[in-house]
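Convention: sequence-line order gives letters A, B, ...; per-chain numbering from 1.
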Amino acid sequence: MSKLRISVPFTDEQTITSLKAGDQVTISGTIYTARDAAHKRMAEQVEAGEKLPFDINNQVIYYVGPTPAKPGEIIGSAGPTTSSRMDKYAPGLLDLGLKGMIGKGYRNQSVIDSIEKNNAVYFGAVGGSAALISRSIKSVEMIAYKDLGTEAIRKMEIEDFPAIVINDSQGNDWYQLALEKYHN
Amino acid sequence: MKKVHYQDIVAHVSSMCEEANFELGEDVMNAFQSAVREEKSPMGKEVLNQLIENANIASAERVPMCQDTGVSVFLVELGQDCHIVGGSLHDALNEGVRRGYEEGYLRYSIVDDPINRKNTGDNTPSIIHVELVEGDNLTIHMTAKGGGAENMSRLQMLKPSDGLEGIKEFIFETIKIAGPNACPPLVVGVGIGGNFETCAYLAKKSLFRPVGERNSNVEVAKLEEEFMSEINQLGIGPQGMGGSTTAIDVKVETGASHIAALPVAVNLNCHASRHKKVII
């Protein structure tokens, strides 16, 4: 199957608009990691009127809590975690300029609506294929919330990270489309 | 009376933790390979191939196949003629987990308190179930259970009149709600009967059986096959990308229950069905 090669952060809105639910992509560029505890803390900072630890404009967040790096390695295994746990926080971050999310599993309707409203995109990576995905991570820098350990925010350079467009900017949901296609 | 030493248990458990996370069991790999041959959806097929490749990388490089290296769950069959010396069984199991997770560079995923949520920093405490059995063996079954699939598990107290139809409806509903979140293809553990807490335990216990192995009770084995075939008609497919492989196995364990009761528990396991066994 052919895969679209895309670059992040999204400096060009048209790239997002052209992505369709069910497209297989490989992603290269810079992304930021954050999961449950990091999202909670980011929301608290926004609430308190403070600046987020990185400029979120046009960026992509990867929902992941990697295993520790073995000596000589930059990171351990790093596959996606269940995105729905971040649903509570996603619309707020999308309103602040976030353009993409990588995770696995369903998003709720308010996230899907917010993706459409903000011309953003949600990618699904293959849950559990953490050893393989780690090969596409080229550099890792911890930039905030170090005390959260695996949940700290890391800036990552990735190359040909494999993913699938689940929710596109037109409001389509690949999980629903795929289900309808194969349900007996 | 056989004596088993504390340090012996620690050493076994520590290596079980690493092996469970680095080496996908042959039973699961075989199930992936036959699923790839039968899967109807091209994207589903591709996902399965990616999982096989991932398992091969994890094994060759001795890195975890999944970043969620799980909560360590033990099912221990302790022979009544076996004497553990040098310390307690619970301490030995936790010490083994502490060592295995540290030496294997596995992720610490346990928080001390469900409200305050501070990471304990060594993946303990484990979840430990002990059954007293005849003989003098100490059999330790261990699984590294991931959070994604565990979160989508459910239990319901049905009415006896709901019968098999009600049981099926609850199982399929659970799998539909879970969809891609639980990382299909799944291993579905079902507990039927018992009471509230034993029903959940039966569902969990069923997941320790190797993938592909049917219940020894023929009637229950038939139920497993029936559930499996209907689950794979749902269309969810590998990772929810559509297809005919939503489950690679369904396990059922049953238990006697009160005349008023029909509890059903569904404990979902992701495709990384990590389970190890050692007999000391």
Side-chain angles (χ1 to χ4, degrees), chain A residues 1 3 21-24 33 35-37 40 63-71 73 75-85 103-107 124-135 147-151 162-164 166 173-184, chain B residues 21-22 40-44 46-47 50-51 53-69 102 104-109 117 119 121 146-149 151-152 176-184 232-244 246 270-272:
Chain A
M1 263 184 211
K3 294 188 171 85
D23 282 350
Q24 289 185 275
T33 72
R35 46 172 292 156
D36 308 52
K40 183 165 184 270
Y63 302 141
V64 60
T67 62
K70 287 197 330 194
E73 302 285 336
I75 196 163
S77 297
T81 196
T82 312
S83 308
S84 60
R85 295 195 316 272
K104 67 161 170 98
Y106 294 129
R107 306 314 301 263
V126 173
S129 68
L132 183 141
I133 286 173
S134 290
R135 289 186 162 181
D147 61 299
L148 296 181
T150 187
E151 297 200 68
I164 292 151
I166 303 294
D173 183 343
W174 177 243
Y175 289 137
Q176 291 309 326
L177 296 170
L179 195 67
E180 284 159 22
K181 200 166 162 187
Y182 290 97
H183 182 82
N184 281 347
Chain B
N21 278 293
F22 300 158
K40 293 175 192 153
S41 120
M43 206 187 276
E46 201 169 310
V47 168
Q50 188 168 328
L51 295 180
E53 193 186 346
N54 181 65
N56 289 336
I57 293 170
S59 160
E61 297 179 6
R62 286 188 66 78
V63 293
M65 62 188 90
C66 179
Q67 80 291 338
D68 183 357
T69 53
E102 188 189 350
Y105 294 89
L106 306 177
R107 195 183 80 182
Y108 304 142
S109 309
R117 310 198 70 81
N119 200 301
N151 274 346
M152 305 311 293
K176 280 189 231 166
I177 292 172
N181 294 24
C183 275
N232 284 332
Q233 311 277 315
L234 294 175
I236 297 165
Q239 292 295 310
M241 301 301 173
S244 49
T246 300
C270 61
H271 53 77

Given that the side chain runs from C-beta out, which part of [X] has a heavy atom under 4.5 Å from chain B: side chain, backbone, both or neither?
X: Lys70(A); value: both
X: Ala37(A); value: neither
X: Ala21(A); value: neither
X: Leu177(A); value: neither
X: Leu148(A); value: neither

Interchain contact, [X] with chain A, by part (heavy-atom threshold 4.5 Å):
X: Leu106(B); value: backbone
X: Asn56(B); value: neither
X: Thr69(B); value: side chain
X: Arg62(B); value: both
X: Ala55(B); value: neither
X: Ala272(B); value: neither

Pair Met43(B)-Trp174(A), side-chain contact (heavy atoms from CB on, under 4.5 Å): steps then yes or no: CA-CA 12 Å; Met43(B) 206 187 276; Trp174(A) 177 243; 3.5 Å; yes
Heavy atoms only: give me the nearest [X]-[Y] pair and the separation to one decimal.
X: Thr67(A); Y: Cys66(B); result: CG2-O, 4.3 Å
X: Gln239(B); Y: Tyr175(A); result: O-CE2, 3.5 Å
X: Tyr105(B); Y: Ala69(A); result: CD2-O, 3.5 Å

Hey, mind stepping through Arg117(B) and Glu151(A) against salt bridge (Lys or Arg N to Asp or Glu O under 4.0 Å) and telling me if it holds? CA-CA 12 Å; Arg117(B) 310 198 70 81; Glu151(A) 297 200 68; over 6 Å; no
Measure from the side-chain N and O atoms of [X] to the backbone N and O of [Y], and report whether any donor-acceptor pair falls under 3.5 Å.
X: Asn54(B); Y: Gly128(A); value: yes
X: Gln67(B); Y: Gly65(A); value: no
X: Lys104(A); Y: Asn181(B); value: yes
X: His271(B); Y: Gly127(A); value: yes
X: Ser77(A); Y: Pro64(B); value: yes
X: His183(A); Y: Leu234(B); value: yes

Sub-4.5 Å side-chain heavy-atom contact between [X] and [Y]:
X: Pro68(A); Y: Tyr108(B); result: no
X: Asn151(B); Y: Thr82(A); result: no
X: Tyr106(A); Y: Pro180(B); result: yes

Looking at Ser83(A), Pro80(A), Gly149(A), which has the largest count of heavy-atom pairs under 4.5 Å with chain B? Pro80(A)
Option in Ile133(A), Ile166(A), Thr81(A), Leu132(A) with maximal non-hydrogen atom pairs under 4.5 Å from chain B: Leu132(A)
Other residues, nucleotides and ligands only: do more than 12 of their heavy atoms fall within 6.0 Å of CD on Glu102(B)?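 Atom CD in Glu102(B) is not crowded, with 12 or fewer foreign heavy atoms closer than 6.0 Å.
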Step-by-step salt bridge (Lys or Arg N to Asp or Glu O under 4.0 Å) determination, Glu61(B) to Arg135(A): CA-CA 12 Å; Glu61(B) 297 179 6; Arg135(A) 289 186 162 181; 2.7 Å; yes
Among side-chain atoms of Gln50(B) and Ser129(A), is any donor-acceptor pair under 3.5 angstrom? yes
